[in-house]
Undergrad: 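Next up is a structure, given as structure tokens.
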Amino acid sequence: MSQQGDVNLPPKYDPQAVEKGRYQYWVDNKLFEAEGDTTKEPFTIVIPPPNVTGKLHIGHAWDTTLQDIITRIKRMQGYDVLYLPGMDHAGIATQAKVEAKLRETGVSRYELGRESFLQQAWDWKEEYAEFIREQWAKLGLGLDYSRERFTLDDGLSDAVREVFVQLYEKDLIYRGEYIINWDPATQTALSDIEVEYKDVQGHFYHMKYPLTDGTGDIEVATTRPETMLGDTAVAVHPDDERYQHLIGKTVTLPIIGREIEIVADDYVDMGFGSGAVKITPAHDPNDFELGNRHDLERVLVMNEDGSMNENAGKYQGMDRFECRKQIVKDLQESGVLFNIEEHMHAVGHSERSGAVVEPYLSTQWFVNMQPLADAAVELQHGSDEEKVHFIPDRFEKTYLHWMENIRDWCISRQLWWGHRIPAWYHKETKEMYVGKEAPADIENWEQDEDVLDTWFSSALWPFSTLNWPDTEDKDFQHFFPTNTLVTGYDIIFFWVARMIFQSKHFNDQRPFKDVLIHGLVRDAEGRKMSKSLGNGVDPMDVVDQYGADSLRYFLATGSSPGQDVRFHWEKVEASWNFINKIWNASRFALMNMDGLRYEDIDLSGDKSVADHWILTRLNETIEQVTRNVDRYDFGEAGRYLYNFIWDDFCDWYIEMAKLPLYGDDEAAKLTTRSILAYTLDQMMRMLHPFMPFVTEEIWQQLPHEGESIVTAHWPVVNQDLANKATANIMKKLVAIIRSVRNIRAEVDAPLSKEIPILIQAESAETKVQLEENRVYLDHFCNPSELTIATSIQAPEKAMSAVVTGAEIYLPLEGLIDIEKEVARLEAELEKLNQEVERVDKKLANDGFVNKAPAHIVDAEKEKQKDYMEKREKVKTRIDELQN
RNA sequence: GGGCGAUUAGUUCAGCGGGAGAACGCUUGGUCGACAACCAAGAGGUCACUGGUUCGAUCCCAGUAUCGCCCA
């Protein structure tokens, strides 16, 4: 009693107070810094670098929580852990933000100039990088800041140039004219996967192009009538009998008046529409290919901003959609356009700006993907030691399918913020030079204006951050390849796939052994969180309200691998409740520690049934939690911890521990305190990766050894402390206590009311076991008188219950309603009848008895015996009551 | 058109060959020394549908339906 005032834990868990200053302590003591100790086994995770555009969203919180859990476990398991932080310059997104900021001051980037604009972008980067680091700190991420990197820093820029030049020299990068996805809003090229296809209700415009010789016309159709201004052919299928006589003839393009040829090409689908297709090589990828085969002219009719150019004749200067309206009107008037159908079709939109993407002829840089993809696919067909393991493994199919159907990657972007392409053009000779360094006579050259796709640098992240191309570097040697990459399924193509082929090409090995794929955080209705819906949840708001530990536990345990998770505040609150429970269980233990030190912990003394049982359960929990975290199943691991802590430790062990703690037996007190301290210590260690702040706080107050729980050892099963036989007695006690509580609830006899209790033990052994533990029965059942015997005569008017190995009678003369009790017992009997019937049927089946594994059959026989015994007793009891 | 996922208690989700689980919500009762954001007891489910494999299917296979995602 006298010790209870010393405890430093308030009765309610307050995350703000617990988390304050804790992260700084970890960082100051360099607990997250990798040692670079080559005698230790390394374990590496590189953070997926967040964009420096702004704040982290809740998806980042999920992603990094998983990484932090994995690295904290590995650190506790003795690995030399590197969790490497960093950020991504995010070309388009960041430039857009900086430009938006500039616009407020009325200045365009062109007015400002490239150099000054980049300076502003760097200022922006510094500001947001600091903001992001604060958010990492709030989430408790164990990052090694001494190795933090940025995709545009000197080292990574060097790696990017090295990769570009090497690929160029092997003809794996080329510059060429091609139909690319053009975003007229941001005025840059996009790679194929930056285009989102959405079904849009549009129109199918049917037109007749007149034959030049005046003998008729040919019908074509299009969804984009304005592109007709750039038509340079009409194509039909070579086998199409309808058009045989027209092949080689020409039509006169309406409005423009250009004479264009009718060509035959088996790309054309005879069954679709009229079977004749207008060909616009400068504005459609398929038409471009067809144009190459037939050596067609390429007529570009649009400017980069989406307005019509000089080739559009009288439409020059009009916006593309305005032009469409006008051209439809004009063609209708002239009778060329004779039919407009409603037509649902997929239209590409810029993933960044949302603008409708224009297939556009342009000179860009490309990666020649086929050889790189082939090697990556081959890697995946190698041994377990060579291939990348996707978790869940179904994502490997997604990845392989993409790799096997790869298309060239457009890597140039018409931006300023990014890695400028290391290519120079001679001012006089127009000769092109590609190299890591600028030509010596730089005054005669102009560098390519464009920068590289941001993903081109992120693709190198697992090795460029480890000082590649210096392959002799200590960190590269020790920490590469990395162990686990954690990311969402939405960027398998953007990032994961590209890291794999780049690493295969430049290091001849995988960049990481495992890829843990998670889903998206959705809102409570299951919708994707988005700015336009305004349904996003700021993880920092969650941390402010419930603490980082609650958020982390919710995110880590809220779903199964690869599945999406819905955000509900109630679930975060439930996590808080769990932590509050842990907090109070710890508080109880600390109030009763009586100054116990770590070295005083003594588990060798006489142990109670409860002691044996909780230690046995602890072992089982360590085993299950470890098994599940090893396979990245944090949901299951969390559930094992939750059940053990709340149901076993709090609801049963603590309640039972109160008996010795409030008693006079000093040896029993020491053992109980030791077990409380030991179990809590082990619990805190297992919980720590999930909820680092609160476990550190509690662990520091518990008897402990070592500087911080961050570097404490992960628990291992201790067979010396397992005692299943004794733990089984606990199960009988629990069954009896539950039955008594059940009956008390039935007859409205609260625990505070003393009632006589009789227990009929089926064997002398059971009787002894119950006698030895009658102190628990006294405490939890509150009997006026407790009789345990093997020869009890059932009282006439009594409530009763049957458990395995014993019958319980509660003679409650004044309270019992015979009719109700009979009804209750009959319901019980019905349940037992069903069970017996089910087991009988199973055991009567020869197929089952002969083919099922022996232990399953034995278990069924055991159940049959148990159910039948219980059933007989219940039957007898009903008879007694009715007579 | 091709591929993938989901369908289990009122709600949100686990489980995935051998007696249907959790959280929240709901009903009843309980504050005396960790916690009322707590404790105790309880109600609530043809595991979407149809076949197949198996001694045995919520679980494996095939198909159907509905919803969602990715690719073309």
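Lettering follows sequence order; numbering is per chain, from 1. Source: prediction; values computed, not measured.
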Undergrad: For the side chain of Ala745(A), counting heavy atoms from C-beta on, which of A72(B), A41(B), C4(B) is nearest?
TA: A41(B)
Undergrad: For Tyr642(A), report the nucleic acid contact type (base, sugar-phosphate, nothing); a contact means any heavy atom under 4.0 Å.
TA: sugar-phosphate
Undergrad: Any side-chain N or O of Arg566(A) under 4.0 Å from OP1/OP2 of C13(B)?
TA: yes
Undergrad: Using a 4.0 Å heavy-atom cut-off across all strands, classify Asp651(A) as base, sugar-phosphate, or nothing.
TA: sugar-phosphate
Undergrad: Please classify the nucleic acid contact of Ile492(A) as base, sugar-phosphate, or nothing, using heavy-atom distances under 4.0 Å.
TA: nothing
Undergrad: Considering only the P atoms, how many Å lie between U58(B) and A9(B), rounded to the nearest integer?
TA: 15 Å
Undergrad: Can you tell me how far P in U11(B) sits from the matching atom in A36(B), rounded to whole Å?
TA: 32 Å
Undergrad: Do we get Arg552(A) above Trp62(A)'s six-membered ring, with its NZ or CZ under 6.0 Å from the centre and within 45° of the axis?
TA: no
Undergrad: Is the distance from the ring center of Trp495(A) to that of Phe493(A) below 6.0 Å?
TA: no
Undergrad: Rounding to the closest angstrom, what is the interatomic distance between C59(B) and U8(B) at atom P?
TA: 14 Å
Undergrad: Who does U12(B) pair with, Watson-Crick or G-U, both distances under 3.5 Å?
TA: A22(B)
Undergrad: Counting only side-chain heavy atoms from C-beta out, which of G18(B), A34(B), G5(B) sits nearest to Ile654(A)?
TA: A34(B)
Undergrad: With a 4.0 Å cut-off, would you call Arg566(A) and Asp523(A) a salt bridge?
TA: no
Undergrad: Would you mind reading off the distance between Trp495(A) atom CH2 and C70(B) atom P, rounded to a whole angstrom?
TA: 20 Å
Undergrad: Expressed in angstrom and rounded to an integer, what is the separation of Phe848(A) atom CZ from C55(B) atom P?
TA: 13 Å
Undergrad: Measure from the side-chain heavy atoms of Lys851(A) and tell me the nearest of G33(B), G15(B), C55(B).
TA: C55(B)
Undergrad: As a test of reading the structure: which of C35(B), A72(B), A14(B) is closest to the side chain of Pro11(A), going by heavy atoms?
TA: C35(B)
Undergrad: For the side chain of Asn577(A), starting at C-beta, report the closest nucleotide among A34(B), C24(B), A40(B).
TA: C24(B)
Undergrad: Please give the nucleotide sitting opposite G44(B) as a Watson-Crick or G-U wobble pair, both distances under 3.5 Å, or none.
TA: none
Undergrad: With rounding to the closest Å, how many angstrom separate the P atoms on C4(B) and C60(B)?
TA: 14 Å
Undergrad: Counting only side-chain N and O atoms of Tyr662(A), is one of them less than 4.0 Å from OP1 or OP2 of A34(B)?
TA: yes
Undergrad: Pairs under 3.5 angstrom only: tabulate donor-acceptor contacts from the side chains of residues 626-635 of chain A to other protein residues two or more places apart or in another chain.
TA:
unit_1, atom_1, unit_2, atom_2, d
Thr626(A), OG1, Ile622(A), O, 2.7
Thr626(A), OG1, Trp714(A), NE1, 3.1
Arg627(A), NE, Gln624(A), OE1, 3.1
Arg627(A), NH2, Gln624(A), OE1, 2.9
Asn628(A), OD1, Arg631(A), NH1, 2.8
Asn628(A), ND2, Gln624(A), O, 2.9
Tyr632(A), OH, Thr484(A), OG1, 2.7
Tyr632(A), OH, Asp514(A), OD2, 2.7
Asp633(A), OD1, Glu636(A), N, 3.3

Undergrad: Does Arg744(A) reach a base, just sugar-phosphate, or nothing at all? Heavy atoms under 4.0 Å.
TA: nothing
Undergrad: Distance between the P atoms of A20(B) and G44(B), in whole angstroms?
TA: 15 Å
Undergrad: Nearest to the side chain of Ala574(A), heavy atoms from C-beta on, is which of A34(B), A23(B), U12(B)?
TA: A23(B)
Undergrad: Paired with A37(B) by Watson-Crick or G-U wobble geometry, both distances under 3.5 Å: which nucleotide is it?
TA: none
Undergrad: Do the side-chain N or O atoms of Arg407(A) get closer than 4.0 angstrom to the phosphate oxygens (OP1, OP2) of A72(B)?
TA: yes
Undergrad: The side chain of Asn845(A) lies closest to which of these nucleotides: C35(B), G15(B), C55(B)?
TA: C55(B)
Undergrad: Mind checking the C1' distance from A43(B) to C26(B)? Whole angstroms is fine.
TA: 8 Å
Undergrad: Look at Thr398(A) and C70(B) and indicate whether a side-chain polar atom (N or O) is within less than 4.0 Å of OP1 or OP2.
TA: no
Undergrad: So Glu835(A), base contact, sugar-phosphate only, or nothing? Heavy-atom distance under 4.0 Å.
TA: base
Undergrad: State which of A34(B), A41(B), C4(B) makes the closest approach to the side chain of Arg394(A).
TA: C4(B)
Undergrad: Looking at G42(B), I'd like to know if its phosphate oxygens (OP1 or OP2) sit under 4.0 Å from a side-chain N or O belonging to Asn742(A).
TA: yes
Undergrad: As a test of reading the structure: which of C35(B), A72(B), A14(B) is closest to the side chain of Glu636(A), going by heavy atoms?
TA: A14(B)
Undergrad: Give one of base, sugar-phosphate or nothing for Trp576(A), where a contact means two heavy atoms less than 4.0 Å apart.
TA: base
Undergrad: Tell me the interatomic distance from Ile579(A), atom CD1, to A34(B), atom C1', rounded to whole angstroms.
TA: 16 Å
Undergrad: Once you apply a heavy-atom cut-off of 4.0 Å, does Lys571(A) come out as touching a base, just sugar-phosphate, or nothing?
TA: sugar-phosphate
Undergrad: Would you mind reporting whether Pro15(A) and Asp549(A) have side-chain heavy atoms less than 4.5 Å apart?
TA: no
Undergrad: Taking the side chain as every heavy atom from C-beta outward, state whether Asn833(A) and Glu837(A) have any atom pair closer than 4.5 Å.
TA: no
Undergrad: Using 4.0 Å as the upper bound for N to carboxylate O, is an ion pair formed by Asp866(A) and Lys870(A)?
TA: yes
Undergrad: Pick base, sugar-phosphate or nothing for Tyr13(A), based on heavy-atom distances below 4.0 Å to the nucleic acid.
TA: nothing
Undergrad: Write down the partner of G51(B) under the Watson-Crick or G-U wobble criteria, each distance required to be under 3.5 Å.
TA: C61(B)
Undergrad: When you measure from the side-chain N and O atoms of Lys863(A) to the phosphate of G18(B), is any distance below 4.0 Å, counting only OP1 and OP2?
TA: no
Undergrad: Is there a donor N/O on one and an acceptor N/O on the other, under 3.5 Å, for the side chain of Glu655(A) and the base of A34(B)?
TA: yes
Undergrad: Quick one: label Arg527(A) by what it contacts on the DNA or RNA (base, sugar-phosphate, nothing), any heavy atom closer than 4.0 Å.
TA: nothing
Undergrad: CG of Asn782(A) versus C1' of A41(B): gap in Å, rounded?
TA: 17 Å
Undergrad: Run the salt-bridge test on Lys831(A) and Glu828(A) with the 4.0 Å N-O cut-off and return the result as yes or no.
TA: no
Undergrad: Classify the nucleic acid contact of Lys397(A) as base, sugar-phosphate or nothing, counting any heavy atom under 4.0 Å across all strands shown.
TA: sugar-phosphate
Undergrad: At 4.0 Å (heavy atoms only), tell me whether Trp646(A) reaches a base, stays on the sugar-phosphate, or touches nothing.
TA: sugar-phosphate
Undergrad: Mind checking who A6(B) pairs with, Watson-Crick or G-U wobble, both distances under 3.5 Å?
TA: U66(B)
Undergrad: Please determine if Glu830(A) and Arg871(A) form a salt bridge, counting it only when a charged side-chain N lies under 4.0 Å from a carboxylate O.
TA: no
Undergrad: Answer with base, sugar-phosphate or nothing: what part of the nucleic acid does Ala852(A) contact at a heavy-atom distance below 4.0 Å?
TA: base
Undergrad: Which one, G18(B), G15(B), C38(B), comes nearest to the side chain of Lys581(A)?
TA: C38(B)
Undergrad: Can you check the distance between C32(B) and U27(B), where both ends of the measurement are the P atom (answer in whole Å)?
TA: 24 Å
Undergrad: Using atom P of each nucleotide, how far apart are G18(B) and A57(B) to the nearest Å?
TA: 11 Å
Undergrad: Any side-chain N or O of Arg639(A) below 4.0 angstrom from OP1/OP2 of G21(B)?
TA: no
